[in-house]
Amino acid sequence: MAPRTTIAEISRYDGQTVTLSGWLYNKTHKGKLIFMMLRDGTGFIQAVIFKDNFTETFFEELQRLPQESSIKVTGQVRADKRARGGYELQASEVDVVQMAQEYPISPKEHGIDFLMDQRHLWLRSSKPHAILKVRHQVIAACREYFNNLGFLLLDAPIFTPAACEGTTTLFETDYFDDKAYLTQSGQLYMEAGAMAFGKVYCLGPTFRAEKSKTRRHLTEFWMIEPEVAYCDLDQDMDLAEGMILHILEQVLQKNRDELELLERDISKLEIIKRPFPRITYDEAVQILAKSGNEFVYGNDFGAPDETVISEKYTSPIMVTRYPASVKAFYMKNDPDDPQKALCVDMLAPEGYGEIIGGGQREDDYDTLLQKIKSHGLPIEPFEWYLDLRRYGSVPHAGFGLGIERTVAWICGIKHVREAIPFPRTMSRIYP
RNA sequence: UCCGGUGUAGCUCAAUCGGCAGAGCGGGUGGCUGUUAACCACUAGGUUGUAGGUUCGAGUCCUACCACCGGAGCCA
């Protein structure tokens, strides 16, 4: 029997006879020839079927074979300028594993709603393939980065007893005779982890019941959240910057084919170098003022504001020291300016907006207690969190990176819904 | 939740002033030895989102509802 191989490694088999197992991606025929574009998950290759090598009836059956039928093709690999990818398979044997029904996704244009209804099938197409391979690399690079720095992976719970930042954006579930909420962030648990292990991170899905309908929002999205004990805001920013650079380096090295298929302008990623500009909220407000934007000092930036600010730069930028009033209760105030928080948002270039939010955490017990109260939050669910300040509190900091926004930026795609295999939005929970 | 837009064949879209519902792709049949989202010929395919209303006549105008798209707020 001919050795079985994959399309990705086909160039090693030039001249040899192999069997490829996959699916019929597309086909065209011309008289005594059928050109079958075969995919096997690792790549695409054209198989050429010549009528004289098969029986009349089987050749006619192959001519009618529907898209996405599963097939095994045996044949000789040969380099051919006329074939996309440089190699094609001269088929000597075709085994139809299953003849598919009429496939709904043709190689022509489709609308996004139709494609999302067919997401379980759309995953087979080349564009979702490319994006999800980049996603894989982004996640792999993040984990590699933290693992190499001696971080411990510490998984955070999905069911949580209370909100980090109010309850309006939480998904509520029945939890036996009680209520539980789907997590919005693993951060508070990572703070406990940092006090136990020094440097930890978590990676997992988080949930927001926001009725958001924009290209940057999902109700279920993935975050990677590191947290470090004995760490201040500047060190936190160094960590975030290093992580982004490592992600870019890995994707640019390993996913060039995917970025090319997505028609990404790679030069915009290649010019990104250390150090990323670090500006304060006040400086960002000045940029807005110079651009003639109407902006009320003290507010948080909206999406159009972020775009105006980030368009001034070609690399991601880090904006620090927002007014404490617009930030979460656990943020530490700047000792030099108590109205400001020691926080940082990283804004991706090209208008992709915020991909990282983080900062130094409030480590003083009394101050934290006051903040919980002044944010109108109940004390009791946070008793365990306050314990972290009762027993050996230290300065610490961390951040959260949104995986889908990062993937969307790197891929140059418009909407985060394509950066996750099965997106969950306000109006979609199927398939 | 608010603002704007779109709903017509399996898919992507046309249909002029309110006057015979169409095309391309996909499907089917036939042809062709080099196709890359092929080409040529023939062919099947419709409750025009739903419910009302105006009119001799509604895909087109009006009202309500539904779905989706884009944007805002909130955020990663």
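Because the structure is a prediction, the values reported are computed rather than measured. Chain A is the first sequence line, chain B the second, and so forth, proteins listed ahead of strands; every chain is numbered from 1.
- Salt bridge annotation for A/Asp345-A/Lys327: present, with a cationic side-chain nitrogen under 4.0 angstrom from a carboxylate oxygen.
- Nearest to the side-chain atoms of A/Ser427 among the listed nucleotides B/G70, B/A38, B/C69 stands B/C69.
- Side-chain contact annotation: A/Gln76 with A/Ser92, donor-acceptor N/O pair under 3.5 Å absent.
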If you write RNA chain B from 5' to 3' in dot-bracket form, with Watson-Crick or G-U pairs under 3.5 Å, [ ] for crossing pairs and | for pairs with another strand, what do you get?
(((((((..((((.....[..)))).(((((.......))))).....(((((..]....))))))))))))....
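- No engagement by A/Ile403 is indicated, since no non-hydrogen atom pair under 4.0 Å with the nucleic acid exists.
- An aromatic stacking contact between A/Phe35 and the base of B/G34 is absent, as defined here by ring centres under 5.5 Å apart and ring planes under 30° from parallel.
- In the interface, the side chain of A/His110 is not paired with the base of B/C11 through any donor and acceptor atom under 3.5 Å apart.
- Distance check on atom C1': B/G49 versus B/C69 gives 15 Å, rounded to whole Å.
- Picking from B/U1, B/A76, B/C69 the nucleotide with the shortest atom distance to the side chain of A/Arg417 gives B/C69.
- Residue A/Lys213 is classed as a base contact, given a heavy-atom separation below 4.0 Å to a base.
- With respect to the salt-bridge test (charged N to carboxylate O, under 4.0 angstrom), the residues A/Glu249 and A/Arg274 do not qualify.
- When only modelled atom types and interatomic distance are considered, A/Gln184 and A/Thr169 share a side-chain donor-acceptor pair under 3.5 Å.
- Not a single donor-acceptor pair, N or O on each side, falls under 3.5 Å between the base of B/G24 and the side chain of A/Glu109.
- Between the C1' atoms of B/U55 and B/U60, the separation comes to 13 Å (whole Å).
- Contact annotation: side chain of A/Ser106 to base of B/C25, donor-acceptor pair absent below 3.5 Å.
- For the C1' atoms, the distance from B/A23 to B/G46 is 14 Å, rounded to whole Å.
- Between A/Glu404 and A/Arg216 there is no salt bridge, since no side-chain N of the basic residue sits under 4.0 Å from a carboxylate O of the acidic one.
- Considering only side-chain atoms of A/Asp300, the nucleotide from B/C68, B/C75, B/A76 that sits closest is B/C75.
- For the P atom pair drawn from B/G5 and B/G57, the interatomic distance equals 30 Å after rounding to whole Å.
- Taking atom NZ of residue A/Lys414 and atom P of nucleotide B/C69, one finds them 14 Å apart after rounding to whole Å.
- Using the six-membered ring where Trp is involved, A/Trp384 and A/Tyr189 have ring planes that are parallel, under 30° apart on the 30 and 60° scheme.
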